[in-house]
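This report refers to the structure that appears directly beneath it.
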Amino acid sequence: MRIWPEPDLPVLPGRGPGLRLYDSADRQIRPTSPGATATMYVCGITPYDATHLGHAATYLAFDLVNRVWRDNGHRVHYVQNVTDVDDPLFERAERDGVDWRALGDEQTELFRTDMTALRVIPPRDYVAATEAIGEVVEMVEKLLAAGSAYVVDDAEYPDVYYRADATVQFGYESNYDHETMLTLFAERGGDPQRPGKAEPLDALLWRAQRPGEPSWPSPFGPGRPGWHVECSAISLSRIGFGFDVQGGGSDLIFPHHEFSAAHAESATGERRFARHYVHAGMIGWDGHKMSKSRGNLVLVSRLRADGVDPMAIRLGLMAGHYRADRSWSDGLLAESSARLHRWRSATALPAGPDATDLIGRLRRYLADDLDTPKALAAVDGWVTDALDFGGRDTAAPGLVATALDALLGVR
Ligand code: 5CA
Ligand code: ZN
């Protein structure tokens with residue numbers, strides 16, 4: 001699919017320390033170890049009710065990963081999907097009396113506009129589920145041939161399921177016990193009660209065509225992809241097995257990322273799908289996780305229409321640590337707008353205090369599991385000095401502006 005325009009990415013002189021990130025599987029902060037080209041797959045939107053501030057926060061976190069790697073001289077092969085075939089999308093299209101394809105296209109376009117405004121670096125490959133049916137079918141065939149998948153005994157709807165126990169390592173990504181898995185599976189799109197399954201946890205790979213639902217031909221009958229296999233197939237076909245970072249919000253830790261990894265591990269016979277599994281915390285509003293199902297959404301496009309500077313949204317979402325569940329509020333937005341104003345005033349001065357220490361600290365804090373609260377506080381320190389006491393370094397304001405742009409995406 002079409003990507004959105006690339007923001008200018010200035011080059012900052014020098015290098016920072018290597019990026020360390022918290023890995024949900026190993027439950028610790030570990031160094032990333034990319035080659036010349038770092039590789040990252042981040043789960044994209046299901047295109048309705050886009051783009052709320054929870055989505056934005058998650059994509060901003062991985063934008064920082066992208067920026068820190070690039071600042072360290074890596075190229076980045078970044079892949080993102082769009083789940084444009086899924087039950088909730090069909091339900092919304094039906095409720096609103098629109099075609100699901102039109103709804104998906106329109107919402108994906110809105111997402112592109114929002115990402116552009118937020119200065120998020122686009123993925124290299126932006127792939128819709130509907131563009132990846134061939135890869136999914138191939139993968140389901142492999143899983144069936146390996147005995148990791150089976151067709152349920154149902155003449156009317158012969159769905160294909162993945163055996164949750166097909167790999168010995170299943171469960172390593174989330175570290176959840178069986179009971180927690182069952183609870184989350186039921187809450188997050190799974191179907192533990194489906195008759196004919198071998199085990200309640202087994203995950204849908206291919207849903208046989210139901211009346212009125214879109215379908216594609218396959219050797220195991222017309223139907224459509226399950227959810228987890230979409231991300232397995234797209235990441236394997238675009239990047240390949242064993243990439244640097246698999247990312248998304250913490251609501252994807254289980255079942256989505258556990259099964260995406262398991263499908264790929266079963267299909268290849270290899271052991272670890274991604275080197276790091278990285279998860280952003282949930283953004284809340286009005287006391288609850290911001291979610292389409294609850295409807296407590298603050299949309300990026302709404303804020304933009306109200307005249308909010310997208311850079312203030314960026315700063316507001318980066319004011320907290322990416323892994324922390326945190327709340328959006330009008331107060332946070334007001335603080336971020338004021339902060340943005342001060343930063344812009346200071347970087348527009350003809351001279352300021354030396355910026356070497358600030359840039360070193362910015363790089364160190366970001367490399368340490370994207371510690372944006374510390375990074376923002378360090379910038380505030382330099383800005384206060386510059387505005388209150390001035391300085392003699394005529395290059396410093398420009399250098400700070402470049403650092404904010406390159407590392408934090410704020411200008
Ligand atoms: N299409 C799937 C992933 S393959 C999906 O989860 N789509 S989504 O539209 O529901 O979410 C898109 C991304 O935003 C996911 O990474 C999800 O984890 C993240 N996300 C959703 N709600 C929030 C929230 N309230 N706070 C932070 N991130 C969120
Ligand atoms: Zn996904």
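Applying the side chain to side chain contact (heavy atoms under 4.5 Å, CB included) rule to R112 yields the partners M1, R2, W4, T108, E109, Y126; only residues at least two apart in sequence or on another chain are considered. D49 pairs by the side chain to side chain donor-acceptor pair (under 3.5 Å) definition with R92, not counting sequence neighbours. For the side chain to side chain donor-acceptor pair (under 3.5 Å) test, no residue two or more places apart in sequence or in another chain qualifies with S148. E173 pairs by the side chain to side chain donor-acceptor pair (under 3.5 Å) definition with nothing, not counting sequence neighbours. Looking at residues two or more places apart in sequence or on another chain, you find no side chain to side chain contact (heavy atoms under 4.5 Å, CB included) involving D286. Looking at residues two or more places apart in sequence or on another chain, you find a side chain to side chain contact (heavy atoms under 4.5 Å, CB included) between L387 and R342, S345, A346, L349, V383. Take Q169 and apply the side chain to side chain donor-acceptor pair (under 3.5 Å) test, not counting sequence neighbours, and it matches E265.
Sorted by first and then second residue, the pairs that involve residues 46-66 and meet ring pair (Phe, Tyr, Trp, His ring centres under 6.0 Å), not counting sequence neighbours, are H52-H55, Y59-F111. For residues 390-411, there are no ring pair (Phe, Tyr, Trp, His ring centres under 6.0 Å) pairs, not counting sequence neighbours. The ring pair (Phe, Tyr, Trp, His ring centres under 6.0 Å) contacts involving residues 336-392 comprise nothing, where partners must be two or more places apart or lie in separate chains. Applying the ring pair (Phe, Tyr, Trp, His ring centres under 6.0 Å) definition to pairs two or more places apart or across chains, those involving residues 230-253 are F243-F273.
Here the OG1-CH2 distance, from T32 to W69, works out to 5.5 Å after rounding to the nearest 0.5 Å. One distance of note links CE of M40 with CZ of R275; it measures 14.0 Å at 0.5 Å rounding.
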Run the side-chain donor-acceptor check on residues 397-408: report pairs under 3.5 Å with partners two or more places apart or on a different chain.
| residue | atom | partner | partner atom | Å |
| --- | --- | --- | --- | --- |
| T402 | OG1 | G398 | O | 2.9 |
| D405 | OD1 | R119 | NH1 | 2.7 |
| D405 | OD2 | R411 | NE | 3.1 |
| D405 | OD2 | R411 | NH2 | 2.8 |

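Using a 30° and 60° split on the angle between ring planes, F259 and F170 fall in the tilted class, from 30° to 60°. Aromatic ring orientation, H228 versus H263: tilted (interplanar angle from 30° to 60°).
Counting only heavy atoms from C-beta outward, the side chains of V379 and R339 never approach each other to under 4.5 Å.
For T83 (side chain) and T46 (main-chain N/O), no donor-acceptor pair under 3.5 Å exists by modelled atom type. Distance alone, capped at 3.5 Å, places no donor-acceptor pair between the R361 side chain and the A378 backbone.
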